[in-house]
Undergrad: 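This is the structure I want to talk about, given as structure tokens.
We use all heavy atoms of the structure for the numbers below, so side chains are in, but hydrogens, waters and symmetry mates are not. All figures in this text were calculated on a predicted structure; none of them were measured in a lab. Letters A, B, ... mirror the listed sequences (proteins, then strands); counts begin at 1.
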There are 2 protein chains.
Amino acid sequence: MGKEVGISTDDDRQFTPGLIKDARKLVDSYPRVPITVDCVIFGFEENDLKILLIRSDLEIFKGEWSLLGDFAADNEDLDEAAQRVLQQRTGMHDVYLEQVKIFSKPDRHPGGRVLTVAYCSLLSIEHIKLDKIENELHWHKVTEIKSMAFDHKEIMMECYRWLQKRIQEHPLGFNLLPKKFSLRELQNLYEAILNVKLDRRNFRKKFFSMDLLIDTGEMEDDVPHRPGKLYEFDFAKYENTKRRWTGIDF
Amino acid sequence: MGKEVGISTDDDRQFTPGLIKDARKLVDSYPRVPITVDCVIFGFEENDLKILLIRSDLEIFKGEWSLLGDFAADNEDLDEAAQRVLQQRTGMHDVYLEQVKIFSKPDRHPGGRVLTVAYCSLLSIEHIKLDKIENELHWHKVTEIKSMAFDHKEIMMECYRWLQKRIQEHPLGFNLLPKKFSLRELQNLYEAILNVKLDRRNFRKKFFSMDLLIDTGEMEDDVPHRPGKLYEFDFAKYENTKRRWTGIDF
DNA sequence: GCAAAAGTGTTATCATTACACCCATGG
DNA sequence: CCATGGGTGTAATGATAACACTTTTGC
């Protein structure tokens with residue numbers, strides 16, 4: 001390879017056979033498309049996984065629910081666009097947010113070709129005041145959503161599957177819970193998201209053996225049974241100890 | 001929720017307060033950006049993970065290597081655009097291809113804002129005739145690539161990490177090998193991609209216990225040592241038996 | 001016959017599963 | 001005192017990791 005590099009670089013310097021000088025002109029010749037971001041915002045409340053939706057404001061989707069989205073502004077990074085949408089709708093910033101997938105079917109939008117990038121966000125419902133009650137913004141149980149505007153049902157399902165997988169590999173769940181939570185709440189969260197029943201003792205053993213839960217010394221309050229301890233997740237310790245995994249499994 | 005739906009739908013039907021009738025007009029008001037696809041095409045040859053690159057044809061990146069990309073044509077689904085790029089450059093179609101991530105930093109392209117969607121592709125090098133030797137199209141060892149045009153190094157590394165993770169969870173590796181392969185080749189592949197040494201006996205045990213390798217009855221040929229058996233991967237059986245995994249691990 | 005890699009089993013350790021009783025609280 | 005869920009341990013099973021010698025081929 002070294003040899004090829006040498007030769008061709010020397011040749012090119014003399015003749016620059018077909019090199020393009022004006023990058024801007026090149027880019028100007030590309031077709032352009034509108035691009036939006038859509039946020040799938042998950043929350044957890046009363047043992048149900050929920051998602052934040054508004055009514056679509058398109059006549060053609062009248063009555064249908066829609067993800068929170070907006071087009072990307074000029075020169076706006078898409079991650080920032082997604083953060084902006086979240087901020088505008090929920091007042092939250094610095095929220096857990098991750099890019100999931102771009103959806104590009106040419107006919108996915110009735111107004112013409114629009115690409116959209118799906119972002120997944122997790123937030124603790126109780127911390128949020130939905131001060132903007134525009135378009136009936138509110139939480140819906142994931143399991144009860146029947147149809148949505150555009151291809152938003154498909155986008156939501158893709159993000160839901162993404163969440164199911166991610167939560168088993170990374171400590172995302174804590175973003176959905178209050179800062180202090182009981183082990184029962186944590187288990188309910190996993191059971192709701194994964195749609196399985198888990199053994200309570202094994203679940204506790206698993207989490208305690210990770211040694212990433214900090215006992216706050218506080219207890220649950222206002223529960224009609226023996227109160228449980230409240231824990232915090234030790235994000236700092238997790239960052240320092242996360243391990244490299246090599247195991248073939250399929 | 002049922003109640004709210006009923007009320008607001010009724011109201012809307014009467015007044016349609018702010019509903020947008022002309023979706024096309026709405027979309028026309030969105031800003032538009034050029035969008036490209038870039039293919040990170042992995043191959044495996046002589047125990048090295050390789051990637052297919054060309055010379056950048058931009059003056060500003062003279063001498064630098066570039067991923068294979070092209071802008072998305074009007075009304076072209078991005079998955080199809082990526083397939084098209086692959087087809088045009090390698091002559092292959094129906095190749096393993098998966099969307100990885102969209103890159104959207106406003107300054108990632110010197111000619112102005114261009115978004116790009118990274119696609120990861122895996123193919124068996126020996127099956128390919130690179131009939132188009134334009135722009136010095138050829139294979140490079142992943143470990144030896146120092147710098148690239150645009151943000152392509154970052155894109156490549158993102159796809160490499162993606163591959164390292166995916167190959168442990170899904171039988172992607174077989175796309176990088178010839179149809180018939182020895183267990184040693186398979187292990188070399190895993191070792192090259194994951195950058196680890198694996199125990200030969202445990203590796204064999206693991207794969208045999210999956211019971212997804214078909215003994216072809218054939219043997220290696222032209223090797224300067226005892227020849228190994230050749231196997232095929234049983235894709236059909238895999239599709240029928242892949243299992244649902246529930247294990248919390250982070 | 002020598003070099004090089006193929007092929008092959010056992011043991012120890014660790015993680016996962018299944019499972020049942022007493023305890024603390026609110027009502 | 002009753003209902004509800006909190007809190008706890010053990011035994012069986014299955015997966016993973018470590019480790020060495022014999023066999024087959026080309027040269």
Undergrad: Specify the separation, in whole Å, of atom CZ of A/F207 and atom C1' of D/dG6.
TA: 17 Å
Undergrad: Can you check each nucleotide of nucleotides 19-27 of chain C against protein heavy atoms at under 4.0 Å and return B for base, S for sugar-phosphate only, - for none, in 5' to 3' order?
TA: BB--BBBS-
Undergrad: Nearest whole angstrom, please: distance from the C1' of C/dG7 to the CG of B/D215.
TA: 13 Å
Undergrad: For residues B/N202 and B/K205, is any side-chain donor paired with an opposing acceptor at under 3.5 Å?
TA: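 Yes, a side-chain donor-acceptor pair sits under 3.5 Å.
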Undergrad: State which of D/dT16, C/dG7, C/dT16 makes the closest approach to the side chain of B/K206.
TA: D/dT16
Undergrad: My understanding is that only residues two or more places apart in sequence, or in another chain, count here; which of them pass side-chain hydrogen bond (donor to acceptor under 3.5 Å, both in side chains) with B/R204?
TA: none
Undergrad: May I have the distance from A/K229 (atom NZ) to D/dG5 (atom P), rounded to whole angstrom?
TA: 20 Å
Undergrad: Could you tell me the separation between the CZ atom of A/F208 and the P atom of D/dG9, rounded to a whole number of Å?
TA: 12 Å
Undergrad: Residues from residues 237-250 of chain A sitting under 4.0 Å of DNA chain C, heavy atoms only?
TA: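 Heavy-atom cutoff 4.0 Å gives no residues at all.
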Undergrad: Should the ring pair A/F250 and B/F174 be called parallel, tilted or perpendicular, given that the plane angle runs from 0 to 90° and is split at 30 and 60?
TA: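 Because their plane-to-plane angle is over 60°, the rings of A/F250 and B/F174 count as perpendicular.
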Undergrad: Of all residues at least two apart in sequence or in a different chain, which pass the side-chain hydrogen bond (donor to acceptor under 3.5 Å, both in side chains) check with B/R243?
TA: A/D249
Undergrad: Give the rounded distance in Å between these two atoms: CG of B/L198 and C1' of D/dC19.
TA: 15 Å
Undergrad: Are the side chain of A/K180 and the backbone N or O of A/M219 linked by a donor-acceptor pair below 3.5 Å?
TA: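 No, A/K180 side chain to A/M219 backbone: no donor-acceptor pair under 3.5 Å.
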Undergrad: Roughly how many Å is it from CZ in A/F203 to P in D/dG7, rounded to a whole number?
TA: 13 Å
Undergrad: Write down the distance between CG (B/D222) and C1' (D/dT25), rounded to a whole number of angstrom.
TA: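 Checked: the CG to C1' distance equals 12 Å.
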Undergrad: Between C1' on C/dA6 and CD on B/E185, what's the gap in Å once rounded to a whole number?
TA: 13 Å
Undergrad: Given side chains that start at C-beta, do those of B/F203 and B/K206 come closer than 4.5 Å, heavy atoms only?
TA: no
Undergrad: Please list, chain by chain and in numerical order, all residues satisfying side-chain hydrogen bond (donor to acceptor under 3.5 Å, both in side chains) with B/K101, sequence neighbours excluded.
TA: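 For B/K101, no residue satisfies side-chain hydrogen bond (donor to acceptor under 3.5 Å, both in side chains) once neighbours in sequence are set aside.
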Undergrad: I would like to know whether B/R184 and B/R200 meet side chain to side chain contact (heavy atoms under 4.5 Å, CB included); could you show each step before the answer?
TA: CA-CA 8 Å; B/R184 165 57 55 187; B/R200 191 159 51 94; 2.9 Å; yes
Undergrad: My understanding is that only residues two or more places apart in sequence, or in another chain, count here; which of them pass side-chain hydrogen bond (donor to acceptor under 3.5 Å, both in side chains) with B/D151?
TA: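 B/D151 satisfies side-chain hydrogen bond (donor to acceptor under 3.5 Å, both in side chains) with B/R108 only.
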